[in-house]
Amino acid sequence: MKKGTVFIGLALAGSLALTGCTGGSGGSGSGSGSGSGSGLSGEPATGGTLHVLQNADFSHLDPAQGFDGGVNNFYRLIYRTLTTQGAGEGSEGTEIVPDLAVSLGEPNEDNTVWTYTLKDDIFFEDGTPITSADVKFGVERSLDPSIAIGSPYAKIVLDIPEGYEGYYLSGPLDSIETPDEKTIVFHLNQPYADFDAVVGQAPFTPFPADAGVTTTSIDQQPIASGPYRVTEYQRGSTLVLERNEHWDAATDEVRTAAPDSFEWTFGLDAATIDERMIAGQGDDANAIAGSVAPASIARIQTPEIKNRTIAGLQGCTTYMGLNTTKPGMDNVLVRQAINVAMDKEAVKDATGGSQLADIATTILPPTVVGRQEFDLYGTEDQTGDPEKAKEMLAEAGYPDGFEFTLDIRNQPKMQAQAEAVQQALAKAGITVNFNLIDTSTYYEVIGTTSQQHDAAITGWCPDWPTGATFLPPLFEGSQIFEKGNSNIAQLNDPAINERMAEIRLMTDVDEANAAWGELDEQIMELAPQVPLLYEKTVMVVGENIAGAYSHAGFSGGIDYVSVGLKNVD
């Protein structure tokens, strides 16, 4: 999942989506956990208003544009797709299950043509039945270059003619067929055994093709297909969801949809969120938020707070991407020197210590199947080797040091991480300048190649359980886009590209998973990024919260579709 950041609170950071972005993995059972508090895992009552305290607004309400753990989690409340991730802790949350479709897809012999049949009694918020044409239109509009900044998988695997620019500019896409109102057929440009997971991505959200939907209208006023609809939205301030009366629970095995409404409050700083959640007074007893800030860890060690604390791995890798097209950064020795000089222990301490992060040495996080352990550049104590880095820079032609600009979010935790990076690299004669970007637009900016600087701190979470959702979006040359770009290293290495194509043709899942793990090390030899951390979530919830757990598919955040209130009186 692209840029694995859950925006529920200030301290959650890291991709995927980069859901994934698309978010977790099938091997991520270890990525979930719960506190011992009564009712955290209990069934919520029906009714009431659940409050969410949040630092930044969602990136986009339009599912063609948003692609991070927090917004993908939110989308499931108002939107449905052909498939979706399950609800539950650990591997239950990363299993791909039918949603609008009656079953998983029916592929042809070589997995290049996939057919889905829609359920009966599925409707938009105005009572209009959802048809295969609406699913087709949703995908077609998501390919418009003006909004195609979300999940990349549709444009990667669908058979799309060169120059196709979405429904409004290029018309219908012939590789998606709708022989009747219930059947939709996708033709791919390559065999793709994981296509059931692709159609669970946000750009496969249906929209009525004849309802005056434009490229920008959905971002302002969503058209719900899920259990809730947007009734109030003041960007940067509040967002209110109320029940969609045309959603039929009998057609939905994933969403509990217990609360009558959800209410988000945006724009709160980390200290305020933590103070309110720890106190738990008034409406905050019915509230959830994101991971606590590092400064608050010591305050949540009392038995009462521990009883309403949930912890888990995000299942993501926080890293510093190095733009290989920039002067200096196009030299592999410079990139390797930056890796060698990095004091990852200091970055971990800036993030809150071992309770909130483990040091990363590989691109793939520990939750990905097939991931292999290695460390090409680290020292035993992970504090870096600045003297060796200086020697490497001199060999690369920079005896007097090197200077670059680092894109970072306007967020205290990322700024603390960036300062630790700056101080570590300064010891090796590397000067790091900061380019501060607003949190709500950060991923859009660094995903626009013309606006990207020399490096950026970001993160990625797998969209489903394999390296296929991690390494290609970040490092395949064909996946460099002018907008919505996740390959912020802009790596376009022929050997890497060729190996990725070979792995995708493997029919043995175990062989493919092992191959992705081996490719991780091959990529790191080119040093297109500096893996920094595998971050964790530690979340305090209100006393009246039930059904809360860390979802392995959404960067370890609380699963919105299952949470609710213990008591609605």
Side-chain angles (χ1 to χ4, degrees), residues 13 317-351 353 357 359-363 374-437 442 445-446 449 451-459 474-475 487-491 493 521 523-533:
T317 302
T318 299
Y319 65 93
M320 184 169 74
L322 308 179
N323 188 340
T324 62
T325 68
K326 296 292 186 179
M329 287 293 186
D330 57 1
N331 188 320
V332 66
L333 268 176
V334 171
R335 301 194 302 268
Q336 291 173 338
I338 292 171
N339 271 272
V340 167
M342 187 62 65
D343 185 346
K344 296 182 181 180
E345 188 67 31
V347 179
K348 184 183 78 171
D349 289 343
T351 306
I359 287 174
T361 61
T362 64
I363 301 167
F374 65 88
D375 186 0
L376 297 183
Y377 305 108
T379 58
E380 185 174 349
D381 61 2
Q382 294 296 343
T383 58
D385 188 341
E387 294 306 315
K388 181 179 179 181
K390 287 179 182 179
E391 295 174 3
M392 297 171 72
L393 287 175
E395 184 180 351
Y398 295 92
D400 299 323
F402 181 70
E403 183 173 355
F404 70 88
T405 298
L406 176 65
D407 291 332
I408 61 172
R409 286 198 305 274
N410 184 17
Q411 183 210 68
K413 187 181 73 168
M414 179 173 277
Q415 291 179 48
Q417 292 173 336
E419 288 169 2
V421 167
Q422 184 184 55
Q423 293 167 12
L425 297 187
K427 297 175 184 178
I430 302 171
T431 300
V432 181
N433 304 307
F434 297 152
N435 177 47
L436 212 58
I437 302 171
Y442 181 70
V445 172
I446 67 170
T449 53
Q451 298 181 39
Q452 183 188 343
H453 287 88
D454 303 297
I457 293 181
T458 181
L474 298 187
F475 303 110
N487 184 351
I488 63 172
Q490 296 191 47
L491 185 71
D493 182 81
E521 185 168 356
I523 293 171
M524 275 307 300
E525 289 173 357
L526 300 177
Q529 69 164 237
V530 183
L532 295 172
L533 303 169

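Excluded from the calculations below are hydrogen atoms, water molecules and symmetry mates; all remaining heavy atoms, backbone and side chain alike, are included. Note that this is a predicted model, so its numbers are computed, not measured. Counting from 1, the numbers follow the sequence of the chain as shown.
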Minimal non-hydrogen separation, F374 against E521, with atom names: CZ-CA, 3.4 Å
Which heavy atom of A428 sits nearest a heavy atom of L393, and at what distance? O-CD1, 3.7 Å
Spatial distance of atom CD (Q411) from atom OH (Y442) [nearest 0.5 Å]: 10.0 Å
Quick one: ring-ring contact (aromatic ring centres under 6.0 Å, His included) partners of F402, sequence neighbours excluded? Y398
Exercise: identify the closest heavy-atom pair between T351 and L533: OG1-CD1, 3.2 Å
Give the intermediate values and the outcome of side chain to side chain contact (heavy atoms under 4.5 Å, CB included) for residues I523 and Q529. CA-CA 9 Å; I523 293 171; Q529 69 164 237; over 6 Å; no
What pairs of residues pass the side-chain hydrogen bond (donor to acceptor under 3.5 Å, both in side chains) test when at least one of them lies in residues 328-346, not counting sequence neighbours? E345-K348
Find out whether M342 and L532 are in side-chain contact, i.e. whether some heavy atom of one side chain is under 4.5 Å from a heavy atom of the other. yes
Roughly how far, to the nearest 0.5 Å, is CG of L322 from CG of L406? 9.5 Å
Do the side chain of T405 and the main chain of D454 share a donor and acceptor less than 3.5 angstrom apart? no
Would you indicate whether the side-chain heavy atoms of I437 and I408 approach each other to under 4.5 Å? no
Treating Y319 as the side-chain partner and A360 as the backbone partner, does any N or O pair qualify as donor plus acceptor under 3.5 Å? no
Nearest heavy-atom neighbours spanning I488 and A456: CD1-CB, 4.1 Å
Taking all non-hydrogen atoms of both residues into account, name the closest pair between F475 and N487 and its distance. C-ND2, 3.6 Å
Main-chain N/O of A489 paired with T324 side-chain donor or acceptor, under 3.5 Å: yes
Side chain to side chain contact (heavy atoms under 4.5 Å, CB included) between V340 and M392, intermediate numbers included: CA-CA 9 Å; V340 167; M392 297 171 72; 3.8 Å; yes
Let me confirm one number: the CD-CD distance from Q415 to Q417, rounded to the nearest 0.5 Å. 10.5 Å
Dump the intermediate steps for salt bridge (Lys or Arg N to Asp or Glu O under 4.0 Å) on E391 and K388, then the final yes or no. CA-CA 5 Å; E391 295 174 3; K388 181 179 179 181; over 6 Å; no
Please walk me through it: do D375 and Q382 pass side chain to side chain contact (heavy atoms under 4.5 Å, CB included)? CA-CA 10 Å; D375 186 0; Q382 294 296 343; 2.8 Å; yes
With sequence neighbours left out, which residue pairs that include part of residues 426-437 fulfil the side-chain hydrogen bond (donor to acceptor under 3.5 Å, both in side chains) condition? E403-N433, D407-N435, N435-H453
Spacing of OG1 belonging to T458 relative to CD1 belonging to I446, to within rounding of 0.5 Å: 4.0 Å
For the residue pair P531 and I363, what are the closest heavy atoms and their distance? CG-N, 4.2 Å
Partner of V432 under side-chain contact (heavy atoms from CB on, under 4.5 Å), picked from M320, Q422, E419, is Q422
Checking F404 against M329 for the side chain to side chain contact (heavy atoms under 4.5 Å, CB included) test, could you report, in this order, the C-alpha distance in whole Å, the side-chain angles of both residues, the deciding distance, and whether it holds? CA-CA 9 Å; F404 70 88; M329 287 293 186; 3.6 Å; yes
